[in-house]
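Heavy atoms only: backbone and side chains are in, while hydrogens, waters and symmetry mates are out. Along the sequence shown, residues are numbered consecutively beginning with 1.
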Amino acid sequence: MLAAYATQFSSDDPASGLTVGDRPEPEAREHWSTVDVRAASVNHHDLWSLRGVGLPKSSLPMILGTDGAGIAPDGSEVVLHGVIGADGHGVGPGEPRSLLSERYQGTFAERVAVPTANLLPKPTELSFEEVACLPTAWLTAYRMLFVAADLKPGHSVLIQGAGGGLASAAIALGSAAGLEVMVTSRSEAKRERARALGAAEAFEPGARLPRRADAVVESVGKATWAHSVASVKAGGTIAVAGLTTGDPEPAQLTRVFFQEIRVQGVTMGSRDDLAALLSFMARTGLRPVIDAVMPLENAREAVGRVASGDHFGKVVLTVGA
């Protein structure tokens, strides 16, 4: 089957380590199902894997992709929950949690095997390309806003680094849920697009805010961390789901404990969270921001676009019919 898979690591040019070619079919496993993939989306997790972070060389070649949607063996249209082993479904009792493309082959392929419990019905209101954007970036954004930070309509949130899939998802979800959304970006064009998505205000990185936010969505890391700590209210929450610019130095711990700021890590979300997100999207008419749609054969170009940082929203790969 055709697949896009990591064959080597490169910190400077991650896309160079991605090969598109033939790979073996998924192996049959008890309590697992093989899905015919129709769409998958690119995430920063794929870039980290291609840089050798979290993916050992001994696991190569590894088909990348944590997000996907397609056709189940019974012919139904499904969305894949990419977290494996969090609740024991389909794995041994002692196996730690992982994401697709870490221990098990991922979704950048014509077919992928996942625990049968990880299949959720695809809402008819959304296309395969749209739902393929949701299980990583949008699910993480949903959990950061409404579970980790426990935000409610009328609360305020600062979203660092508008433009990527996670940030654009948080902007759209937050504004649709009645939050006061503030964003930062180095690009005026991206700040304008964030306003068009529903952001109330958009600032240059590090700008002093007119008021502190109830919560911060942080996925940038070193470049924005000090600003995040300074911009959240006393007793507020910084929800962290990544560090694209590296670990912050210093960690600003004096301010964290003195202001009683809660720092909450988030990695994707549960199946129940994904089901709630799918329902939210179907009922409200909210749709993910898609930057580009490319065929699986162009996976290196798609990964390169995400690595460049020039995208706004998700980059999606389409597969098959």
Side-chain angles (χ1 to χ4, degrees), residues 1-23 35-55 60-70 79-80 82 99-102 105-112 126-141 161-169 172 187 189-190 193 219 241-242 244 268 287-321:
M1 67 174 182
L2 186 67
Y5 51 98
T7 52
Q8 62 184 18
F9 302 134
S10 172
S11 58
D12 298 326
D13 183 15
S16 67
L18 189 69
T19 299
V20 179
D22 190 57
R23 293 299 298 156
V35 173
D36 291 324
V37 179
R38 290 292 178 263
S41 66
V42 182
N43 292 285
H44 278 281
H45 182 272
D46 303 306
L47 299 181
W48 287 116
S49 295
L50 288 165
R51 292 183 175 113
V53 178
L55 183 64
L60 301 181
M62 173 64 74
I63 299 173
L64 298 185
T66 57
D67 286 348
V79 184
L80 309 182
L99 307 182
L100 281 175
S101 77
E102 293 180 348
Q105 303 293 324
T107 58
F108 293 178
E110 293 181 303
R111 284 166 289 283
V112 63
L126 280 78
S127 68
F128 281 116
E129 291 83 1
E130 289 168 340
V131 294
C133 298
L134 304 181
T136 297
W138 280 71
L139 177 58
T140 302
L166 172 62
S168 60
S187 164
K190 289 184 177 181
R193 294 195 66 177
S219 62
T244 55
M268 297 172 68
R287 297 293 179 265
V289 180
I290 296 178
D291 175 83
V293 178
M294 305 181 190
L296 177 61
E297 292 84 349
N298 292 11
R300 287 185 71 174
E301 179 185 350
V303 169
R305 179 156 181 80
V306 174
S308 74
D310 293 335
H311 63 302
F312 191 100
K314 297 291 292 179
V315 176
V316 179
L317 296 171
T318 55
V319 188

Can you name the residues that form a side-chain hydrogen bond (donor to acceptor under 3.5 Å, both in side chains) with [X], not counting sequence neighbours?
| X | answer |
| --- | --- |
| Glu110 | none |
| Arg193 | none |
| Thr19 | Thr7 |
| Thr107 | none |

Please name the pair of heavy atoms, one in [X] and one in [Y], separated by the smallest distance, quoted to 0.1 Å.
| X | Y | value |
| --- | --- | --- |
| Leu50 | Ala6 | CD2-CB, 3.7 Å |
| Val289 | Phe312 | CG1-O, 3.7 Å |
| Gly309 | Lys190 | O-NZ, 2.5 Å |
| Cys133 | Ile290 | SG-CG1, 3.9 Å |
| Val316 | Ala39 | CG1-CB, 4.2 Å |
| Leu166 | Ser219 | CD2-CB, 3.5 Å |

Under the 3.5 angstrom rule, does the side chain of [X] hit a backbone N or O of [Y] as a donor-acceptor pair?
| X | Y | answer |
| --- | --- | --- |
| Gln105 | Ile63 | yes |
| Asp36 | Gly70 | no |
| Lys314 | Val42 | yes |

Only pairs at least two apart or in different chains count here, so list each salt bridge (charged side-chain N to carboxylate O under 4.0 Å, His left out) that has a residue in [range].
| range | answer |
| --- | --- |
| residues 293-303 | none |
| residues 127-137 | Glu130-Arg287 |
| residues 45-54 | none |

Who passes side-chain contact (heavy atoms from CB on, under 4.5 Å) against [X], sequence neighbours left out?
| X | result |
| --- | --- |
| Phe9 | Leu55, Lys57, Leu60 |
| Thr136 | Asn43, Thr66, Asp67, Met268 |
| Ala172 | Trp138, Leu286 |
| Ala167 | Ile159 |

Arg305: what forms a salt bridge (Lys or Arg N to Asp or Glu O under 4.0 Å) with it, not counting sequence neighbours?
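Scan of Arg305 (salt bridge (Lys or Arg N to Asp or Glu O under 4.0 Å), adjacent residues dropped) gives Asp291.
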For the residue pair Thr318 and Val293, establish whether any side-chain heavy-atom pair is separated by less than 4.5 Å.
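In contact.
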Within a strict 4.5 Å, meaning less than it, do heavy atoms of the His45 and Ser101 side chains meet?
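The answer is yes, as the side chains (C-beta and beyond) meet within the 4.5 Å cut-off.
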Could you measure the distance from the [atom1] atom of [X] to the [atom2] atom of [Y]? Nearest 0.5 Å is fine.
| X | Y | atom1 | atom2 | answer |
| --- | --- | --- | --- | --- |
| Asp22 | Tyr5 | CG | OH | 7.5 Å |
| Leu2 | Leu296 | CG | CG | 4.5 Å |
| Thr244 | His44 | OG1 | NE2 | 6.0 Å |

Report the residue from Val79, Leu139, Thr140, Leu126 that forms a side chain to side chain contact (heavy atoms under 4.5 Å, CB included) with Leu134.
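Answer to the side chain to side chain contact (heavy atoms under 4.5 Å, CB included) test with Leu134 among Val79, Leu139, Thr140, Leu126: Leu126.
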